[in-house]
Amino acid sequence: MSRTIFEKGAEGRSGSFIPANDCPIEDLGFEHPREGAIGLPRIGEQDLIRHYVELAAKNYHIDKGMYPLGSCTMKYNPVINEEVAKLAGFGGLHPLQSEDDTQGALELMYELESDLCEICGMSAFSLQPVAGAHGELTGMMIARDWFRRRGEDRKTVLVPDSAHGTNPASVVICGFTPKTIASNEAGLIDPEVLAREAGDDTAVLMLTLPNTLGLFEKDIEKIVKIVHDAGALVYMDGANMNALLGIVRPGSIGIDIMHLNLHKTFATPHGGGGPGSGPVGVREHLAGLLPVPRVVKKDGRFSLEETDEESIGRVHPWFGNFNVLVKAYAYIKALGGEGLREVSENAIINANYLMKKVARDYDIKYPGRCMHEFVASGRNLKQFGVKTLDVAKRLLDYGLHAPTVYFPLIVEEALMIEPVETEKKETLDHFAEVMAKIAKEAAENPDILHEAPVTTPVRRLNEAAAARCPELSWSGLECVPMEDE
Ligand SMILES: *Cc1c(COP(=O)(O)O)cnc(C)c1O
């Protein structure tokens, strides 16, 4: 068991040389509220570096191997984007600097917004929301105000059962009532079912496109018409727009409101809580409702304006996560229109290639053509007493990250696999081979799978306890005991 950095340190050690103070000590006229040392680890620089290198080596990350987490789009993030985001003119900005000082940053936001409009066929985007789910909430607030201003009291938001889990949550937080639309046997929305549900009380259809089964709604035009005929709006969760770049422009098919996940589709390292960016785009009729301030260009000069009285207001301090915007901008400009289309084409080709290979050993409930991801099922291994969780844990023993498991809920023992466009054929082949090997182990020696992982720094954890009751022995935090389940 490796020790914490606190245990590795000892009194008197230090990794820095701060010269003795040679300035007069000023009395600032107040007592410092801190009493005594704050208990930082005392450690030399070499041990400090070794400590973090050791930790990094234990970790699994995108620069170590394939990361097939469905829906999360864990693709390679070009390092040049980091360099660009670090440029002093971007990285060193203060949000209170004047508009004259920040013309370049404002221009970048202005151009990024117009690129996103071009890519998505929308009229305007707000770059303020800082996550996909935050974009969803912002979009729902826009819908709420749209109906409020028209004097319409619509309460229901239709959400297909193939939607991302954050969708119904955003609906509830915004004060609407979600109503589930069951998908048909092809994993898609049935226009007839939708037509029965859509009515005077429907405010929005909130659909994830492609849906969480990795499928594109082939009846999207009919679907949009049904919703519009009912006087409602269509919201598209475009977090996985990496399947549609240069192929489908949501605005052109009648989507009224959408969000993007810049940290997925446009390559920002993410996971572990951020930073993210979930811009919201709308068509013309809703543009006035977008959050303020908006970046405006007049006579070649950029400014921030808060004038639109219809606006739902601010949804985040300052301008969102600006460094993510810089990375998305760099990514879009580097690839251009053709390059972005190739991103999506390769994402789709990779997912379909891998699906065919994985289908030899695992059930595929919706075996048609998928988009950027597919959902396999470990249902066929239940006869050996093996669960999807066991498969996921065994993958770690073979040096691979597990896919998303047990989601979407409409697939039993789900394994949601997104290989992303940046992985080469050999990597996909290797993943499929390991999956095949695990299926064979399940039949021949299921106990190995129940014990997995055996090669990782820690064995199988109680994941709920690890989150709710972390062992932070140095912190003095009290553990909140788990309730019996
Ligand atoms: C990731 C994802 C979200 C949530 O995005 P966050 O940035 O994690 O809030 C929403 N919808 C879909 C389809 C997603 O894949």
Side-chain angles (χ1 to χ4, degrees), residues 62 67-75 77 116 120 126-141 157 159-174 178 183 187-189 204-217 220 234-245 248 250 255 257-281 315-316 320-321 323-325 327-328 344 347 351 370-375 403-411 414 416-421:
I62 197 77
Y67 214 118
L69 273 185
S71 205
C72 295
T73 312
M74 304 301 278
K75 60 171 149 189
N77 307 289
L116 298 181
C120 298
S126 166
L127 305 173
Q128 228 176 74
V130 292
H134 194 197
E136 292 169 25
L137 179 63
T138 304
M140 282 295 116
M141 288 162 70
V157 174
V159 185
D161 58 8
S162 59
H164 194 265
T166 47
N167 293 187
S170 302
V171 167
V172 170
I173 287 180
C174 204
S183 5
L188 300 172
I189 299 174
V204 181
L205 167 71
M206 187 173 198
L207 82 168
T208 302
L209 195 68
N211 69 21
T212 59
L213 298 164
L215 303 175
F216 189 81
E217 297 291 348
I220 188 68
V234 184
Y235 183 101
M236 172 177 147
D237 177 338
N240 299 143
M241 188 73 194
N242 55 311
L244 305 179
L245 298 171
V248 177
I255 302 296
I257 314 173
M258 69 178 294
H259 80 265
L260 294 166
N261 276 28
L262 297 188
H263 48 293
K264 292 178 183 169
T265 301
F266 299 104
T268 277
H270 65 105
S277 177
V280 170
V315 295
H316 192 74
N321 277 333
N323 75 333
V324 182
L325 307 182
K327 292 176 211 180
S344 288
C370 66
M371 299 296 288
H372 63 300
E373 65 188 357
F374 64 97
V375 182
T404 301
V405 291
Y406 296 105
F407 191 83
L409 303 174
I410 48 180
V411 175
M416 188 195 209
I417 302 172
E418 178 175 6
V420 308
E421 83 286 357

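Ligands are counted one by one from 1 in listed order, and the atoms in each one are counted from 1 as well. Note: hydrogens, waters and symmetry copies are ignored here, and every other heavy atom, side chains too, is used.
Looking at Pro408, Pro68, Pro403 one by one, the single match for side-chain contact (heavy atoms from CB on, under 4.5 Å) with Met416 turns out to be Pro408. Applying the side-chain contact (heavy atoms from CB on, under 4.5 Å) test between Pro250 and each of Leu260, Ile255, Ile257 identifies Ile255 as the sole match.
In this structure, the separation between CD on Glu421 and CG on Asn242 is 7.0 Å, given to the nearest 0.5 Å. Distance check: His270 NE2 to Cys72 SG gives 6.5 Å after rounding to the nearest 0.5 Å.
Ranking protein heavy atoms by distance to atom 5 (O) of ligand 1, first place goes to Asn261 ND2, 3.0 Å. For atom 11 (N) of ligand 1, the closest heavy atom belonging to the protein is Asp237 OD2, 2.5 Å. Here the heavy atom of the protein found nearest to atom 6 (P) of ligand 1 is Gly132 N, 3.4 Å.
Within the 4.0 Å heavy-atom criterion, both parts of Ser71, backbone and side chain, lie near ligand 1. When non-hydrogen atoms are compared, ligand 1 lies under 4.0 Å from neither the backbone nor the side chain of His134. Residue contacts with ligand 1 for Lys264 involve side-chain atoms from C-beta outward but no N, CA, C or O (heavy atoms, distance under 4.0 Å). Within the 4.0 Å heavy-atom criterion, the part of Asn240 lying near ligand 1 is the side chain and not the backbone.
Near Glu136, meaning under 4.0 Å from any of its heavy atoms, are these atoms of ligand 1: 10 (C), 11 (N). Close approach of ligand 1 to Ala131 is summarised as follows: ligand atoms under 4.0 Å from at least one heavy atom of the residue are 7 (O), 9 (O).
Asn167 and Thr208 are linked by a side-chain donor-acceptor pair at a separation below 3.5 angstrom, with hydrogens and angles left out of the test.
Look at His270 and you'll find every heavy atom at least 4.0 Å from all atoms of ligand 1.
Using a 4.5 Å cut-off on side-chain heavy atoms (C-beta onward), Thr138 and His316 make no contact. Under the 4.5 Å side-chain criterion, counting only non-hydrogen atoms from C-beta, Pro269 is not in contact with Ile62. Two residues are said to be in side-chain contact when any heavy atoms from C-beta on lie closer than 4.5 Å; Ile410 and Leu213 meet this criterion.
Of the polar atoms of Thr208, none of the N or O atoms is found under 3.5 Å from an N or O of ligand 1, judged by distance alone. For a threshold of 3.5 Å applied to N or O pairs, the pair formed by Ala239 and ligand 1 contains no separation below that value.
Within the 3.5 Å criterion, the main-chain N or O of Lys75 finds a donor-acceptor partner in the side chain of Asn77.
Contact annotation for atom 8 (O) of ligand 1: protein absent (non-hydrogen atoms, distance under 4.0 Å).
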